[in-house]
Structure formats: C-alpha cells, structure tokens
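Heads up: the structure comes next, in structure tokens.
Because the structure is predicted, anything quoted here is derived from the model rather than measured.
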Amino acid sequence: MNQDWITAALEFAIEKHAGDFRDGDVPLPYISHVIEVANFVRYIGGVTDPEMIAAAFLHDVLEHGGATIEELQVHFSERIVELVGQLTRTEPTKVGHLSKDQLRDLRSELLLEDIATRMEPDAQTIKLADRLSNLICALQTRKGEKRKRYLTQTAAILERIPRAVNPALWDAVASIAKQGLASIP
C-alpha cells in the first residue's frame, strides 16, 4: 500500500478535469465530484486501501477527462488502472440510427451490464460512491421525467450490486433514492 497513490491520483484528476463543470444553474468544477466520490469511499464506505481511494479520484479520467489507459499505466499501479478500467463505461459503437431516447436507454443498459459483469466488488464500492454523489446532484438539477429515470436507474444499480459489497454506501444510496422517489408527485 502506498499513500502517495492518493496524492498522485488527486493531482492527475485535477489536471485532467481542469475546465470541466458539473450540471446545474451554478455549476461547480467537475473535480468537486471526484473529490466527493473519494470522500464517500473513505468516510462513508470506510475504505482505507490507498489504491481504491486513488481509483475513486481517477474514476472519470478516461470517460470525462481525456486521459488514456496508457497514461494511467505510466503513472499508477496495475491495480489502480484495473479498477479505473472497470469503472469506465462501455459506450455503444453503432448509434447512427438510434433516437436520443434509444441511445439513452442503450447507454443505461450497458452501464447496468458493466456493473453486473465487469466490476469486481472494489469497483462496485467506488460505483456506489459515484452514484451517491451523482444522485445528490441529480436531485438538485433534474426535474420530472429525467429525475424519475435517474431514480429508476439507481434502483436497477442497487439490484445489481449486492448490499454486502459495502453496506454503508449501499444504504446511503438507497436512502437518498427513497427520498428522491418520495419527492415525485
């Protein structure tokens, strides 16, 4: 275990997410999400493994930060790269004929499949922290049908990740989702 992985991962994520922002009327820098996910892994999930915390900081650098797997391999351990790879969403390849709604549904199906088949329990733990952060944001920024779809997808994620993977994070996601569902008229 190497505590330096955490610092290196945070610095790399800051560099890769520079200039990116979250959703909403007053969007925060994207790095705030990454930091929140790592904090949730550590302080709600109780994870003390530096490689998992580092992977939490890096969980979106391939998908949203423009980093490459080769860059990660140069700077980080094999375990960290493996976790980030598992957390990176599989994107559909042939989408030209799909409507916006069909593409959204396909991307959701691929995410759920990735969670169930590609992610080991450590990656699923980070995914729970990621969903918790995204869910809190979504309840502030999404309304109506978008909010309902997000909450439905969250329930499907909880069906695919066993509670035993990380009961504290699983329960936190379930609790926030339940509050969100209660707020839908």
Side-chain angles (χ1 to χ4, degrees), residues 13-14 16-45 55-67 84 86-93 95-116 118-119 123-163 165-185:
I14 289 169
K16 292 299 179 180
H17 293 298
D20 296 336
F21 290 86
R22 296 285 279 165
D23 295 333
D25 295 335
V26 183
L28 295 176
Y30 196 84
I31 195 67
S32 65
H33 163 67
V34 171
I35 291 169
E36 185 171 59
V37 170
N39 278 325
F40 287 167
V41 166
R42 174 64 191 97
Y43 298 115
I44 294 176
F57 278 122
L58 298 169
H59 79 276
D60 274 341
V61 296
L62 296 177
E63 207 172 300
H64 296 292
V84 174
Q86 290 176 27
L87 289 158
T88 300
R89 162 191 295 261
T90 299
E91 290 293 340
T93 53
V95 297
H97 66 284
L98 298 178
S99 71
K100 182 179 172 185
D101 289 344
Q102 289 171 322
L103 179 58
R104 180 198 63 237
D105 292 346
L106 176 58
R107 290 184 85 232
S108 182
E109 288 173 29
L110 290 172
L111 170 66
L112 296 173
E113 184 178 317
D114 285 349
I115 289 168
R118 287 183 49 225
M119 290 185 194
Q124 289 176 339
T125 294
I126 297 167
K127 178 50 75 179
L128 285 169
D130 179 41
R131 179 48 60 137
L132 180 59
S133 175
N134 286 333
L135 183 58
I136 291 167
C137 180
L139 292 177
Q140 293 297 313
T141 61
R142 296 181 185 188
K143 305 292 181 222
E145 197 56 37
K146 280 186 171 184
R147 176 185 275 198
K148 189 175 180 180
R149 275 195 310 270
Y150 201 77
L151 290 165
T152 300
Q153 184 187 63
T154 298
I157 288 171
L158 292 175
E159 288 173 4
R160 283 156 180 81
I161 299 177
R163 183 178 178 273
V165 163
N166 191 297
L169 280 167
W170 196 98
D171 290 348
V173 173
S175 176
I176 298 293
K178 184 177 178 181
Q179 291 173 30
L181 285 170
S183 71
I184 295 175

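Taking all atoms of both residues into account, the shortest heavy-atom contact from Glu63 to Arg89 is OE1-N, 2.9 Å. When all heavy atoms of Ala38 and Ala56 are compared, the pair lying nearest together is CA-CB, 3.8 Å. Across Ala129 and Val41, no two heavy atoms sit closer than the pair CB-CG2, 3.5 Å. Of all heavy-atom pairs between Ile157 and Leu111, the closest is CD1-CD2, 4.2 Å. Considering all non-hydrogen atoms of both residues, Leu62 and Ala67 come closest at CD2-O, 3.4 Å. Nearest heavy-atom pair, Ala168 versus Ile44, reported as atom, atom and distance to 0.1 Å: CB-O, 3.2 Å.
For Gln140, the side-chain contact (heavy atoms from CB on, under 4.5 Å) criterion is met by no residue, not counting sequence neighbours. Taking the ring pair (Phe, Tyr, Trp, His ring centres under 6.0 Å) definition, one finds that His59 meets it with His33, sequence neighbours left out. The salt bridge (Lys or Arg N to Asp or Glu O under 4.0 Å) search around Asp60 returns none, not counting sequence neighbours. Listed by chain and residue number, Leu112, Gln153 satisfy the side-chain contact (heavy atoms from CB on, under 4.5 Å) test with Ser108 (two or more places apart in sequence, or in another chain). With sequence neighbours left out, the side-chain contact (heavy atoms from CB on, under 4.5 Å) criterion links Tyr43 to Asn39.
Two residues are said to be in side-chain contact when any heavy atoms from C-beta on lie closer than 4.5 Å; Tyr150 and Arg131 meet this criterion. Arg22 places a side-chain heavy atom less than 4.5 Å from the side chain of Asn134. Residues Leu28 and Phe21 have side chains not in contact (no heavy-atom distance under 4.5 Å, counting atoms from C-beta outward). Side-chain contact check for Asp101 versus Arg104: some heavy-atom pair is nearer than 4.5 Å. Counting only heavy atoms from C-beta outward, the side chains of Leu87 and Leu58 never approach each other to under 4.5 Å.
Remark: the backbone N or O of Thr88 is paired with a side-chain donor or acceptor of Arg118 at under 3.5 angstrom. Remark: side-chain polar atoms of Trp170 are not paired, donor with acceptor, to backbone N or O of Pro162 under 3.5 angstrom. Without hydrogens or angle criteria, Asp20 side chain to Tyr30 main chain gives no donor-acceptor distance under 3.5 Å. Checked by atom type and distance alone, the side chain of Arg147 pairs as donor or acceptor with a backbone atom of Leu139 at under 3.5 Å. The closest donor-acceptor contact from the side chain of Ser32 to the backbone of Pro29 lies under 3.5 Å.
Rounding to the nearest 0.5 angstrom, the gap separating the CG atom in Leu128 from the CG atom in Leu135 is 11.5 Å. Interatomic distance, CD1 of Ile161 versus CD1 of Ile115, reported as 5.0 Å (0.5 Å rounding). A distance of 12.5 Å separates NZ of Lys127 from OG1 of Thr125, quoted to the nearest 0.5 Å.
For NZ of Lys146, the number of neighbouring non-hydrogen atoms (other residues, nucleotides, ligands) closer than 6.0 Å is 12 at most.
A salt bridge (charged side-chain N to carboxylate O under 4.0 Å, His left out) check over residues 166-181, counting only residues at least two apart or in different chains, returns the pairs Arg163-Asp171.
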